[in-house]
Amino acid sequence: ATPGRPVRARARCRRVTRQIIFVDCTAYHESADDPIAVATATFMRNGTLIPNPLRGRAARQRTTSG
């Protein structure tokens, strides 16, 4: 990273299971195609089942693209 320049980041939830969430993140100055840092993380869910936002989006895309 260059000191004094703003750092932007983009995170993506790659997969959500009943117990684990998989996430990728990229940090960059101007373009995500030229990253200054990348990260991969897994998060353990705390037992509270929340709706999977990826599952709903995929279902909506299938019904609207046909």
Side-chain angles (χ1 to χ4, degrees):
T2 304
R5 290 184 63 193
V7 175
R8 295 173 172 84
R10 177 177 296 154
R12 293 186 188 174
C13 185
R14 292 292 181 183
R15 184 169 182 212
V16 177
T17 70
R18 289 181 62 85
Q19 296 179 336
I20 302 173
I21 300 170
F22 300 86
V23 179
D24 293 333
C25 183
T26 302
Y28 56 95
H29 285 302
E30 297 296 325
S31 170
D33 295 330
D34 187 21
I36 54 177
V38 294
T40 302
T42 54
F43 297 91
M44 185 174 196
R45 295 177 78 168
N46 66 1
T48 303
L49 293 179
I50 57 173
N52 179 343
L54 299 179
R55 188 171 297 145
R57 183 175 58 190
R60 284 192 301 275
Q61 288 175 346
R62 281 194 300 270
T63 58
T64 59
S65 64

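Just so you know, these numbers use all the heavy atoms, side chains as well, and skip hydrogens, waters and symmetry mates.
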Contacts under 3.5 angstrom, residues 1-10 side chains, donor-acceptor by atom type, not counting sequence neighbours:
residue : atom : partner : partner atom : Å
Arg5    : NH2  : Glu30   : OE2          : 3.4
Arg8    : NH1  : His29   : O            : 2.9

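- Residues Ala32 and Thr26 approach most closely at O-CG2, 4.1 Å, considering heavy atoms.
- Salt-bridge annotation for Arg14 and Asp24: present, with a side-chain N of the basic residue lying under 4.0 Å from a carboxylate O of the acidic one.
- Expressed to the nearest 0.5 Å, how far CD1 of Ile21 lies from CE of Met44 amounts to 11.5 Å.
- The hydrophobic cluster around Tyr28 extends to none of the other residues, as no ILVMFWY side-chain heavy atom falls under 4.5 Å of it.
- Shown here for Arg45 and Val16, the closest heavy-atom pair between the two residues is NH1-CG1, 3.3 Å.
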